[in-house]
Amino acid sequence: MELPKGFYNLNATGEIFSQLNYNISVSHQKQQREIEDFRYYLFTKTEGLNVTAKDQSMEVLSSTGTLNNFFSDKTVDLQIGYDFVNNQGFALVQEANNLFVPVRKRLENYDFFASSEIMATNRFSIKPGLRFSAQSKFKNQYASSVGLRYLFDKGLELRGSYGNGFRTPNFSELYSKQIFDGHFFTGNENLIPETSTSYEASIKKFTVFSSGWQLSNTIAGSFLNVDDRIDMAFVRNNPDTGTPEYQYINISKYQMWNFSTMNQIIKDNLTINVGAALIGISQLVDNNKFTSNDQFLYSFNLNASFSYNITKWKTIVSGYYKYNGKSRQFIESGSEYALSEIDPSNWFDASIRKNFFKDQFEVTLGARNIFDVTNVNQTRTSEGAHSSGSNVMLAYGRSYFLKLAYNLNL
């Protein structure tokens with residue numbers, strides 16, 4: 001029996017042995033994209049010779065289960081579980097001479113994981129985790145993590161974590177092909193999974209003042225390193241046609257530093273959030289003709305939001321602001337990776353939400369992109385005797401929205 005296209009999910013929860021809690025779900029998802037070719041007759045404004053064919057499809061059978069509450073002692077918590085995924089993919093890939101060839105491949109992974117929280121003392125806790133993934137296409141993969149938390153006096157909290165993980169290539173990166181006049185882009189069945197290592201530390205302070213003001217401050221830093229990064233890259237010029245050929249391969253190293261702060265102020269019905277981040281990214285890109293500089297490129301971002309609840313009118317006024325600072329990135333030119341700069345931009349949204357009829361009817365009126373930002377300038381997008389820039393589109397401009405919601409309370 002074949003299930004029709006759509007999404008189906010079955011979930012079961014309960015208790016066994018009068019203590020252990022289980023949660024098991026099984027789902028089936030089937031999606032399909034079809035293309036239709038036809039001849040259109042202008043004189044009669046009708047279609048003819050219609051032919052419909054399946055272009056892409058994906059059928060996924062998956063199951064997830066967890067089991068926890070092993071110990072009556074609340075200082076130790078343990079959860080074990082599994083993730084099973086069976087993915088059947090299909091695509092018509094475009095070979096040379098505009099020839100379409102069907103590709104059917106099945107990707108499976110069977111994961112088992114365990115996580116725990118150990119309250120070593122009233123102030124100090126440890127959260128270790130481990131995952132094992134048995135793969136049908138790749139070597140078996142492992143991931144692990146550990147998180148630490150220590151509570152000091154006067155609302156001060158210190159956290160640290162370490163983790164290593166992986167990302168397996170998707171169907172497109174493995175099997176896609178687009179080959180036609182002057183274009184050659186293909187997947188690569190020989191790709192191996194990306195692997196990553198991450199470190200993070202943060203300190204948080206929560207303060208309550210006698211006046212009723214509440215203040216929360218967080219400072220955090222993190223570092224991410226990715227090996228065998230998957231990217232589309234130049235591999236050769238076709239010896240017969242001279243067409244440049246590109247393919248997904250494991251070539252790049254990627255590193256990122258992130259220093260951020262988040263601050264929140266609460267007083268009665270007013271909430272204000274202000275955050276900032278300094279991000280540095282180093283990416284080594286090699287297209288087999290020339291290599292980028294692996295220096296760290298930094299950018300600064302700022303965000304803020306507010307909300308005020310006018311209880312008498314059952315109305316909430318809120319706003320959100322984001323500043324994207326000047327950023328730099330390497331772009332491919334004719335003979336090198338050139339360093340391009342993208343100008344800063346600002347974004348601001350605001351809305352008013354009001355409830356009616358004992359909070360059953362909700363009306364929200366708002367505006368997005370109030371500053372009407374559409375494009376920002378990027379330098380060195382066209383290299384030659386005189387380098388020039390171009391505009392990068394960010395949005396279509398200012399927009400307005402009205403949302404109506406009614407709670408039936410069934």
Side-chain angles (χ1 to χ4, degrees), residues 68 74-79 113-131 142-167 194-209 212-227 229 253-267 270-283 295-307 318-328 344 347:
N68 58 28
K74 298 306 179 182
T75 60
V76 180
D77 186 22
L78 173 66
Q79 177 175 271
F113 61 87
S115 62
S116 177
E117 181 173 10
I118 304 169
M119 296 296 298
T121 67
N122 290 335
R123 295 175 179 265
F124 182 53
S125 63
I126 307 170
K127 291 185 177 181
L130 184 66
R131 176 180 288 264
Y142 303 86
S144 61
S145 66
V146 60
L148 307 174
R149 186 187 69 168
Y150 191 87
L151 301 177
F152 293 89
D153 293 329
K154 298 181 179 180
L156 191 63
E157 178 181 306
L158 179 65
R159 290 178 180 265
S161 66
Y162 162 83
N164 61 71
F166 61 90
R167 185 185 79 84
E194 297 177 350
T195 57
S196 64
T197 304
S198 63
Y199 307 85
E200 183 173 355
S202 66
I203 186 167
K204 180 179 180 179
K205 179 71 167 67
F206 183 75
T207 308
V208 178
F209 298 94
W213 288 90
Q214 298 179 28
L215 178 63
S216 175
N217 306 99
T218 302
I219 299 175
S222 64
F223 175 74
L224 172 67
N225 181 79
V226 181
D227 290 320
R229 184 175 173 87
K253 288 184 65 67
Y254 180 93
Q255 294 181 329
M256 181 181 72
W257 288 99
N258 187 346
F259 299 97
S260 63
T261 178
M262 177 58 67
N263 308 277
Q264 183 181 70
I265 300 173
I266 300 177
K267 178 64 166 70
L270 175 66
T271 301
I272 300 175
N273 296 286
V274 178
L278 178 63
I279 302 170
I281 296 177
S282 168
Q283 184 173 12
Q295 71 183 90
F296 276 90
L297 305 179
Y298 291 91
S299 63
F300 176 76
N301 301 320
L302 177 70
N303 64 81
S305 65
F306 75 91
S307 67
S318 60
Y320 172 79
Y321 170 79
K322 184 175 183 181
Y323 169 79
N324 294 311
K326 179 183 290 187
S327 61
R328 299 188 298 168
W347 190 279

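One-based numbering along the sequence shown.
- Annotation: the span from Ile272 atom CD1 to Gln264 atom CD amounts to 10.0 Å, rounded to 0.5 Å.
- Listed by chain and residue number, nothing satisfies the salt bridge (charged side-chain N to carboxylate O under 4.0 Å, His left out) test with Lys267 (two or more places apart in sequence, or in another chain).
- For the atom pair NZ of Lys74 and CE of Met119, the computed distance is 13.5 Å after rounding to the nearest 0.5 Å.
- For Phe223, the ring-ring contact (aromatic ring centres under 6.0 Å, His included) partners at least two apart in sequence or on another chain are Trp257.
- With sequence neighbours excluded, the residues satisfying side chain to side chain donor-acceptor pair (under 3.5 Å) with Glu194 are Arg167.
- Applying the side chain to side chain contact (heavy atoms under 4.5 Å, CB included) rule to Ser196 yields the partners Leu224, Val226; only residues at least two apart in sequence or on another chain are considered.
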Output side-chain donor-acceptor pairs under 3.5 Å for residues 296-305, partner residues at least two apart or in another chain, one line each.
unit_1 : atom_1 : unit_2 : atom_2 : d
Ser305 : OG     : Asn273 : ND2    : 3.4

Identify each donor-acceptor pair in which a side-chain atom of residues 150-165 lies under 3.5 Å from a protein atom, sequence neighbours left out, and give them as a table.
unit_1 : atom_1 : unit_2 : atom_2 : d
Asp153 : OD1    : Arg123 : NH1    : 3.2
Asp153 : OD1    : Arg123 : NH2    : 2.6
Glu157 : OE2    : Arg159 : NE     : 2.5
Glu157 : OE2    : Arg159 : NH2    : 3.1
Tyr162 : OH     : Asn164 : ND2    : 3.3
Asn164 : OD1    : Ser144 : N      : 3.4
Asn164 : ND2    : Ser144 : OG     : 2.8

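- Separating the CG atom in Asn68 from the OG atom in Ser116 is a distance of 11.0 Å, to the nearest 0.5 Å.
- Atom CD1 in Ile281 sits 13.0 Å away from atom CD in Gln295 (nearest 0.5 Å).
- Tyr321 is linked by a side chain to side chain donor-acceptor pair (under 3.5 Å) to Asn346, counting only residues two or more places apart in sequence or in another chain.
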Can you give each donor-acceptor pair under 3.5 Å made by side-chain atoms of residues 213-222, sequence neighbours left out, with the distance rounded to 0.1 Å?
unit_1 : atom_1 : unit_2 : atom_2 : d
Asn217 : ND2    : Asn263 : OD1    : 2.7

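- Considering only residues two or more places apart in sequence or on other chains, Ser318 meets the side chain to side chain donor-acceptor pair (under 3.5 Å) condition with Ser351.
- For the side chain to side chain donor-acceptor pair (under 3.5 Å) test, residues two or more places apart in sequence or in another chain that qualify with Thr207 are Lys205.
- Phe124 pairs by the ring-ring contact (aromatic ring centres under 6.0 Å, His included) definition with nothing, not counting sequence neighbours.
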